[in-house]
Number of protein chains: 2
Amino acid sequence: MAARHEEIAEALRRAIDREDYTVGSLLPPETELAARYGVSRGTVRQAVATLTAEGLIGSRQGARRVVLAGRRSQSFAELRSFAQWARAMGREATGRVITQEWRTATAEDRVRLQLDQGARVLHVLRLRGLDGRPVLLERTVYADWISPAVEHIETDCPSVTQRLLDDTGLVFAYGEHVIDAVAAGARDAELLAVRRTSPLLRVRRVTTTREGRPVEWSDDRYRPDAVSFSVHNSIGNNALARKTAE
Amino acid sequence: MAARHEEIAEALRRAIDREDYTVGSLLPPETELAARYGVSRGTVRQAVATLTAEGLIGSRQGARRVVLAGRRSQSFAELRSFAQWARAMGREATGRVITQEWRTATAEDRVRLQLDQGARVLHVLRLRGLDGRPVLLERTVYADWISPAVEHIETDCPSVTQRLLDDTGLVFAYGEHVIDAVAAGARDAELLAVRRTSPLLRVRRVTTTREGRPVEWSDDRYRPDAVSFSVHNSIGNNALARKTAE
DNA sequence: GTGGAGCACTTGTCTGAACAAGTTGGCCTC
DNA sequence: GAGGCCAACTTGTTCAGACAAGTGCTCCAC
């Protein structure tokens, strides 16, 4: 937290959290904020742009900014790591590898992970829990170049992301997530302790490095009674998109 | 499309689409783009910031920008209107009101829509289809101040959003969406033509005006074989957040 | 050849200024 | 009182310049 505009964004977030600015009320004009924090208007604009992207405030040319929502989970690394997300909530994440095996990359693997013909990939089936209760079943395929580092992680490591960062310096920087619903199969039902055919929230995702290189892709199935996803969208910010089948 | 930075963003989008810049390749430096388009560096930065937020390109201090993904559904009003989304894909959206009735706002309605005790709200159950096939079941509650305008819309109006814009000038500007999965109930199953207990993708959402005033809230259930959601996230842009139950 | 130092390049941060465009509320007229 | 016009205010856009910070490459010494 060095950049001045980040400090100001954080100060405003806290002020909204503290209800100095209540939902529906108006934020002070940019010029006033600039004077208050002793920065130029451009820096203030950078700060409020962050909050707008987060969905905390709304913005219209000519009118003062409006506070749209209060206390929002400050999702930083939230989506990139189950364990970090759990810790941020004060809950304990567990993880257990059910099966792990090397396979030759299929055509789908090669496309998603940008691999050459014949590359060997690591398939991992991992069950994850929150405060001891099973919540998520991950079927992950790791690219050939990272698989050796994944292979020797203990089977009950709670945070693979953290472990890979410590061991190899790898940062998960970008992710593309496709969300839908599926009926629990026999294996899903057994491991997640739900009835077969019971609805599960499925997230298929690809994670890449900061350089844009795909690291892994995964089919994650959540118990919908334990976890849901929340998305904010507005005219300017639209990370979420509806998609039709294929 | 007046603003220069939007034009530049669009030009870059098209260039990526045309594969002038292929996935994994590097974008020209800001200074070069600035010279090419005859604008200052700040304007170029605004343009590439848009593409970064859209997940098209990745950015790290010191290194050239990387193209992360090609052709992305340009979701503009996509989430705000089922009909507009369908039209953008070249598909035909249909809509049919199944039931419609006035009720006194419950405590939950009052909280979500910021209404006073005793306010009357309009509950609408609407079945929506894509190319004739049922795809989505919407259970929507409209705030008292907009309900009269909704009440007299024909029951088979394909785009309620467009209709409200035409009739009252109302713009749906912001939305908060919570996504999970549920099993189809008897009514869901009958109307969506799926088996009972079959998994559905549920989106509960609140829509607000540009001023931040809630207009409607809705429980939408999609056939997961027809529609899914796609989300992009990165270090800088995180509109999506995981949530635990309650 | 390997490691490290250094340098050129590129993106990130910030300023101060100016004008454009949209909103809001008050005032004036009818 | 209703309606329209206007003026003050606020956000959006753009510029040119400066420095900070991180990356990636070359080159040199060992």
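Atoms considered below: every heavy atom in the structure, side chains included; atoms not considered: hydrogens, waters and symmetry mates. The structure presented is a predicted model; accordingly, all values stated were derived computationally and were not measured. Lettering follows sequence order; numbering is per chain, from 1.
Of all nucleotides in DNA chain C, those with any atom nearer than 4.0 Å to a heavy atom of chain A start and finish, going 5' to 3', at C:dT13 to C:dT24. In the 5' to 3' direction, nucleotides of DNA chain D lying under 4.0 Å from heavy atoms of chain B begin and end at D:dT13 to D:dG24.
B:W102 and B:E151 make their closest contact through NE1-OE2, 2.9 Å (heavy atoms, listed as atom of the first residue, atom of the second, distance). The shortest heavy-atom contact between B:C157 and B:R163 is SG-CB, 4.1 Å. Minimum heavy-atom separation, B:L115 to B:A143: CD2-CB, 4.2 Å. Closest approach of B:I179 and A:I179 over heavy atoms only: CG2-CG2, 4.0 Å. A:S159 approaches A:A83 most closely through the heavy-atom pair CB-CB, 3.4 Å. Here the closest non-hydrogen pair linking A:P28 and A:L33 is O-CD1, 3.8 Å.
Defined by atom type and a distance below 3.5 Å, a donor-acceptor pair is present between the side-chain atoms of A:R120 and A:T104. There is a side-chain donor-acceptor pair under 3.5 Å between B:D109 and B:T106.
Residues from residues 30-38 of chain B lying near DNA chain C, meaning a heavy-atom separation below 4.0 Å, are B:E30 in numerical order.
For B:R126, the side-chain hydrogen bond (donor to acceptor under 3.5 Å, both in side chains) partners two or more places apart in sequence, or in a different chain, are B:E138, B:Y142. By the side-chain contact (heavy atoms from CB on, under 4.5 Å) test, A:R60 is found to be paired with A:A63, B:R210, B:E211, residues two or more places apart in sequence or in another chain being considered.
Counting non-hydrogen atoms under 4.0 angstrom, A:R4 reaches the backbone sugars and phosphates but no base. Contact annotation for B:R60: backbone-only contact, meaning every heavy-atom pair under 4.0 Å involves sugar-phosphate atoms and none involves a base. Looking at heavy-atom distances under 4.0 Å, B:R65 makes contact with sugar-phosphate atoms alone, never a base.
The local environment of CD in A:E108 is crowded, with over 12 non-hydrogen atoms from other residues, nucleotides or ligands closer than 6.0 Å.
With B:Y174 as the fixed residue, the side chain to side chain contact (heavy atoms under 4.5 Å, CB included) test singles out one of A:V66, A:L68, A:T52, A:I57: A:L68.
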As a check on the pairing definition, encode DNA chain D in dot-bracket form, counting Watson-Crick and G-U wobble pairs whose two distances are under 3.5 Å, and using | for partners outside this strand. ||||||||||||||||||||||||||||||

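Between A:Q46 and A:R41, the residue anchored closer to the 5' end of DNA chain C is A:Q46, taking for each the nucleotide with the nearest heavy atom.
Ion pairing between a basic and an acidic side chain is recognised when a charged N comes within 4.0 Å of a carboxylate O; A:E216 and A:R205 show such pairing.
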